[in-house]
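Below you'll find the structure, written out as structure tokens, and then a few comments.
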Amino acid sequence: HERIRMKHLQSALTASIILFASGASAFDPDDLKALETTNSCVRCDLREADLSGAELMYANLFRTNLSGANLTDASLEGAELFNANLSGATLKGSNLSGAKLKGAILCNTTMPDGSVDNSGC
């Protein structure tokens with residue numbers, strides 16, 4: 001199961017790094033690497049990263065900037081998203097079971113069911 005999780009995350013990260021190299025993204029590639037290797041990225045810059053389908057179960061994303069990130073169909077089960085910036089992020093189809101969202105910024109955030117949350121605007 002761990003191999004499958006890492007394979008999905010590596011695919012998403014590779015795509016994100018390619019976008020970064022082409023100037024189409026704003027995230028820090030070192031932060032993506034930290035997330036890939038440790039399943040933790042505290043206070044990271046993952047703005048506009050393509051993490052669609054990523055397996056981020058129990059990831060520590062405390063105060064991470066995920067604004068504009070694509071988290072479509074990502075597994076965020078049990079993830080710690082305390083005070084994370086999810087403004088403009090897409091979580092459609094994502095699994096947020098047990099995710100900790102206290103203090104998370106939800107503004108124009110597409111939720112797993114496709115609805116848009118503007119509670120933090």
Of the non-hydrogen atoms in Gly88 and Thr109, which two are nearest, and what is the gap between them? N-OG1, 4.0 Å
Check Asp31 against Cys41 and note the closest heavy-atom contact, atom names and distance. O-SG, 3.3 Å
Is there side-chain contact between Glu77 and Tyr58, with at least one heavy-atom pair below 4.5 Å? yes
NZ (Lys100) with more than 12 external heavy atoms under 6.0 Å: yes
Checking Phe82 against Arg63 for the side chain to side chain contact (heavy atoms under 4.5 Å, CB included) test, could you report, in this order, the C-alpha distance in whole Å, the side-chain angles of both residues, the deciding distance, and whether it holds? CA-CA 6 Å; Phe82 295 114; Arg63 290 193 180 216; over 6 Å; no
Side-chain heavy atoms under 4.5 angstrom apart, residues restricted to Ile, Leu, Val, Met, Phe, Trp, Tyr: same cluster for Phe62 and Leu101? no
Go through it in stages, so that I can follow the logic: the residues are Leu86 and Asp117, the test is side chain to side chain contact (heavy atoms under 4.5 Å, CB included), and I'd like the CA-CA distance, side-chain angles, deciding distance and then a yes or no. CA-CA 10 Å; Leu86 292 164; Asp117 190 327; over 6 Å; no
I want to check something: taking the side chain as every heavy atom from C-beta on, are Leu66 and Leu51 in contact at a cut-off of under 4.5 Å? yes
Any sub-3.5 Å donor-acceptor pair from Ser115's side-chain atoms to Met111's backbone N or O? no
Hey, what do you get for OG (Ser94) to CG (Leu76), rounding to the nearest 0.5 Å? 5.5 Å
Smallest heavy-atom separation, Gly120 atom then Cys107 atom, equals C-CB, 4.1 Å
Any chain of hydrophobic side-chain contacts (each under 4.5 Å) joining Ile105 to Leu81? no
Between atom CG of Asn95 and atom CG of Leu71, what is the distance when rounded to the nearest 0.5 Å? 12.5 Å
Shortest non-hydrogen contact from Asn108 toward Asn118: N-OD1, 2.7 Å
Taking all atoms of both residues into account, what is the closest heavy-atom pair of Met57 and Asn39, and its distance? O-ND2, 3.0 Å
Test item: Asn65 and Leu46 side chains (from C-beta on) under 4.5 Å apart, heavy atoms: no
Thr64 vs Leu35 side-chain heavy atoms within contact, under 4.5 Å: no
On a heavy-atom basis, the closest approach of Leu61 and Ala84 is O-CB, 3.9 Å
